[in-house]
Structures are given as structure tokens and as C-alpha cells.
*Asks:* 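Starting off with a structure, shown below.
Chain identifiers are assigned alphabetically (A, B, ...) following the order of the sequence lines, protein sequences preceding nucleic acid strands; residue numbering begins at 1 within each chain.
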4 protein chains.
Amino acid sequence: MSGINKVILVGHLGKDPEVRHLDGGVTVASFPLATSETYNKDGKRIEQTEWHNIVLWRGLAEVASKYLQKGKLVYIEGKLRTRSFEDKERVKKYVTEVVAENFTILGRKSDFEQTPATGENSTPKSETDYIDPTDASGDLPF
Amino acid sequence: MSGINKVILVGHLGKDPEVRHLDGGVTVASFPLATSETYNKDGKRIEQTEWHNIVLWRGLAEVASKYLQKGKLVYIEGKLRTRSFEDKERVKKYVTEVVAENFTILGRKSDFEQTPATGENSTPKSETDYIDPTDASGDLPF
Amino acid sequence: MSGINKVILVGHLGKDPEVRHLDGGVTVASFPLATSETYNKDGKRIEQTEWHNIVLWRGLAEVASKYLQKGKLVYIEGKLRTRSFEDKERVKKYVTEVVAENFTILGRKSDFEQTPATGENSTPKSETDYIDPTDASGDLPF
Amino acid sequence: MSGINKVILVGHLGKDPEVRHLDGGVTVASFPLATSETYNKDGKRIEQTEWHNIVLWRGLAEVASKYLQKGKLVYIEGKLRTRSFEDKERVKKYVTEVVAENFTILGRKSDFEQTPATGENSTPKSETDYIDPTDASGDLPF
DNA sequence: TTTT
DNA sequence: TTTT
């Protein structure tokens, strides 16, 4: 019991999100995300790109389909999940995905037209939870 | 716009959580958390401990007050917040806290009796969101 | 360019690390790690376990083979890497691994006999880099 | 013992890095970093900015002073450290800083002229450590 | 004091 | 298949 399974990525979308509506009305979105790192080898600049399968559910999928497009730079937080499936030849295969729990578009305003977006899964947290009404007082938790 | 402010800690509580109920019924809990790292200096084993002020709000504060006690090992995820206050002599001071967004008790089952606890802020996420009904099928997002 | 690919796991080893020495003397270690999360579904406690393929290189592999055993609770930080290989039937397959960049054994002292271990890749960082010689003075960076 | 103290930030520099050379030749750089989050309150868009004190040592400080300037968007990974000092009136004060362990400039090429930079503390890791010579073969750790 |  |  008691474990942590967390992934943090910053990268560019390789494609527009692909959106599907499952039976029951649940929305799922997915897209490939590229994270690149550059290093030197024998004086040469090598770029190594890793591709990640990003999956988003429900409300987060809706927000993604609205605000994310191919090429955008995003911060994604989520968890790893490996699942099995059968391909067309009924061979069992495995795929590891990053199930997104929230995301934030990075970069300049010009990069994302008018509307910045931050997705957070399920019921959007009332962020006002974090506004401390005692902030300005001398009456502190510490 | 568009930033990330994330803290990840694994450490032991220095004290039991201190719980307060603000006007309006909002619950706040706080406790000090120690994260230690050990390194070698001139062949000697040096332990360096850092203390963090952890603050939890609302539901997360309730869960913490119930399941966390001095000495427990916990994983905490949250964000940094620096706020100012006036001390008793009315001198302006600053304190940086980690506002917890979720936590998980680590360690062995025997460490926390029968009930493992994972807190997550605000409305508890329906974790079943993450169960993919198409898991076993060949009908996949990828 | 410019991406982030980071994985943070806390879980238990499913097996002892398996160590291999490649041609050229490079050491590689690998083991499966389980991260479990517990949630409620219809009032029932459901535990969901995710298995991760952890790979460690060189010095980190050596440290892991020495201090990690089946059942141990560890914190692992690393990055995702998906690579292809051919199985015995020469079918191309993909596997996603977590290439560890450092790890820390968690839990009680009694859990790991006398010697706590923290691995960090390549040349072990001189942690004394972080000791600020001006700490106690009034001569500060800020 | 055995703890984790990790901070992950994405934000903009509020000022150019300030570089100091300590006795003994050690370089320290520091700058304020802003992480902003936007949320809705009563239908109004509220932006909340948090300021962090970033400190970098030695090689990382050198790289930062060269490639980071006011306004740049950066990913920073580091750890929390609270230290005390005496102000001019010899009053003991505390400040919490983020001691950077590595950073990456984010954003478009045009944002950072010609030279992308990634800093990593101390002896730069040979990233080739991570290139698996067995990648293309069927001879795998798993 | 940044950025959108 | 992204980006620089």
C-alpha cells in the first residue's frame, strides 16, 4: 500500500488531441507529447526526443480538446499506467501511458491566442480554498 | 501567467498537527516536517535536517488531524507560499510555508494501525475516473 | 528543444535487483517497482497496483545492487524512456522504463540494517557544495 | 533520516541574476522568480503571483549568469533551505530559499537568442550514461 | 520585481 | 509526430 506514482513533463504536442466519447458519455482525449533533451557528445550537439502517450479523462479531456493543439508547449502532471490490449491479430500488447491529472499551457500569450488554460481533473478545485483569511493578521498557525 | 509552483517532501512530523477553526468554520492544520539528508564530509557521516512549515486547509486539515501524528513518515505535495505578518512587537516578518495539496502516509502497515490515509484537497476526487472501461478491449485511444 | 521528463515514484521492490555487466564494464541493474493506491468504490476499499520497470546505470546500479532488496520501500526519481526490441519470435515490441537518476531508501532504520543508502548518478555530487559559508553572517545574497 | 526535499518551479525571472564570488573562489548567483496562477473568483479572473528566492552555486551559478536574464521563462528544480541571518540592526531573521539543482530555459528559440542552456550542478553528468548500447538488440534487462 |  |  501507500505509494507515489507521479510524472512531470514539459514538452510539445506532436498532434492535436484526439477526442473520443465512450458509452455513458465519458470523454477521453489523447495525444503524443515530445520531451527533448540536448547534450554534447564528442563536441557535437545531440538532441534526444522522447515521446509520451498522454491520456486525459472527462473534464480535463474537454479542456484539452479546447485549448491544446499540435505544437503547443505544455506542463503536464499525471501518473503512469501500463495496460494491456489485443491488437488486430489478437496478440496481447502493452502500452504505458501518462494519465494526466492537470496541465498548464506554457509560453507567451501569442502562443495561445486569447485564452490561457489550466486544466485540473474532476470537480475543479475552488482555488479560493487557498486564500488565507488570516493572511494579514498576526494570528498565525505558526 | 502560466507558472508551476510545486513542492514534494518526504519526512517526519516534528509535532502532532495543530488544528484551528477559523470564523466561518474553515479548518486549518499545521505542523513542522523534517526532511533529512545524509552526506559524507571528510569521511564523516553528516546529517542535515531541514524543517518545513506545513499548512493544510479544510478537508485536508481534517484528515491530517485524524491520521497524522508526531513521528509519522509522510509524503507531502503542495506549493510554496510566503506571507507576511506582524509579530507581537508589530515588526513585519515573513514566513514561507508549504501549503499541502495532498499527502500520503508512508511506512509499514504497523506504523499506522489499521487505517491508511491519503488526503486530497477539497472535494475528494472520484478515483474511479481513472478506471478505463476499455482497458481489456482492443478499442484504444492509441 | 527544452523539455522536462521527470518521474517520481515511491513504492516497494517486487524482486531483488538484477545486475548485468555489459561489454566495456558498464553495470546495469533493473527491478520491478510496485506503487499502490487505495480508493473507495461503492464503499469498498480497492487497491490498485501499478508496476514499473526501473533501470539503473553504472554507479547507481552498483549502489542499488548493494542496498536494495525485494520488499524495500524506495523513493525513485528518474525519467521515462520507451525503447523497442525484438522478442524471441523477432516481433518488434516496445517497453517503457523509468531510468533512475537517484533513489533513497525510505522507512525505519530497522528496515535497512545499519547502512542507509542514497544513490545519485555518475560522479557523486559533493553535497558540501550546498553548505553556504556565509550562512551565519549578515552578508547575504538577498 | 531518509527524506526528500524537492521543489519544482516554472516561472519568470524578476531580475537579472546577481552574481557574487565568495572567498575561495566559489560563485553564488541569486534571483527572484515569479510563479503565477490564475483562477476565477466570482466570475473574475484573479492572478496570484508568488515570489521565490532562487540561489545557485558554483558551476550552476556561472551558467545561470550567462544564460538567464530578467523576464526569461525557466524550469527550476531544487530544494528548500531556510537559513537565519542578522539584519543591519542585528535582529535575527529567517529566509527560505530554493537552492537550485538544475534548470532549463523554456520557450521559443527567439526568446533566448542563439544558445539554449541547461544547467546541472557540479560535475556535468555525462548524459551518454543513459544511452543504452543494447537498445536495438533483443538482449534486454527485462 | 516577472509574465499573460 | 513536436520544438529549437
*Asks:* Atom CG of L33(A) and atom P of dT2(F): how far apart are they, to the nearest Å?
*Replies:*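 Taking atom P of dT2(F) as the reference, CG of L33(A) is at 13 Å.
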
*Asks:* By the 4.0 Å heavy-atom rule, please label G71(D) as base, sugar-phosphate, or nothing.
*Replies:* sugar-phosphate

*Asks:* Among dT2(E), dT1(E), dT3(F), which is the nearest nucleotide to the side chain of E47(A)?
*Replies:* dT3(F)

*Asks:* Backbone N or O of L80(B) within a donor-acceptor pair of the N5(B) side chain at under 3.5 Å?
*Replies:*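 Yes; judged by distance alone, with no hydrogens or angles, the pair exists.
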
*Asks:* Round to a whole Å and report the spacing from CG of D16(D) to C1' of dT2(E).
*Replies:*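 Value for this atom pair: 12 Å.
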
*Asks:* For the side chain of S36(A), starting at C-beta, report the closest nucleotide among dT3(E), dT3(F), dT1(F).
*Replies:* dT3(F)

*Asks:* A34(A) side chain: which of dT2(F), dT1(E), dT2(E) is closest?
*Replies:* dT2(F)

*Asks:* What integer distance in Å separates E18(D):CD from dT2(E):P?
*Replies:*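 Nearest whole value for this atom pair: 16 Å.
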
*Asks:* Starting from C1' on dT3(E), measure out to CG on L106(D) and report it in whole angstrom.
*Replies:* 13 Å

*Asks:* Between P on dT2(F) and CD on E50(A), what's the gap in Å once rounded to a whole number?
*Replies:* 16 Å

*Asks:* Reckon K70(D) touches a base, only the sugar-phosphate, or nothing at all at heavy-atom distances under 4.0 Å?
*Replies:*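 Here K70(D) touches the backbone only, sparing every base.
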
*Asks:* According to salt bridge (charged side-chain N to carboxylate O under 4.0 Å, His left out), who are the partners of K93(A), at least two apart in sequence or on a separate chain?
*Replies:*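 With sequence neighbours excluded, K93(A) shows a salt bridge (charged side-chain N to carboxylate O under 4.0 Å, His left out) to D87(A), given in chain and number order.
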
*Asks:* Among all residues two or more places apart in sequence or in another chain, which pass the salt bridge (charged side-chain N to carboxylate O under 4.0 Å, His left out) test with E50(D)?
*Replies:* none

*Asks:* For the side chain of D16(D) and the backbone of K70(D), is there at least one donor-acceptor N/O pair under 3.5 Å apart?
*Replies:* yes

*Asks:* Rounded to the nearest Å, what distance is computed from the CD1 atom of residue I54(D) to the C1' atom of nucleotide dT1(E)?
*Replies:* 13 Å

*Asks:* Grab the two heavy atoms, one from E77(A) and one from K6(B), that are nearest each other, plus how far apart they are.
*Replies:* OE1-CE, 2.7 Å

*Asks:* In whole angstrom, give the distance that lies between atom CG of N53(A) and atom P of dT1(F).
*Replies:* 16 Å

*Asks:* Can you tell which of dT2(E), dT2(F), dT1(E) lies closest to the side chain of T49(D)?
*Replies:* dT2(E)

*Asks:* What nucleotide among dT1(E), dT3(E), dT2(F) has an atom nearest to a side-chain atom of H12(A)?
*Replies:* dT2(F)

*Asks:* Send over the distance from F31(D) CZ to dT1(E) C1', rounded to a whole Å.
*Replies:* 13 Å

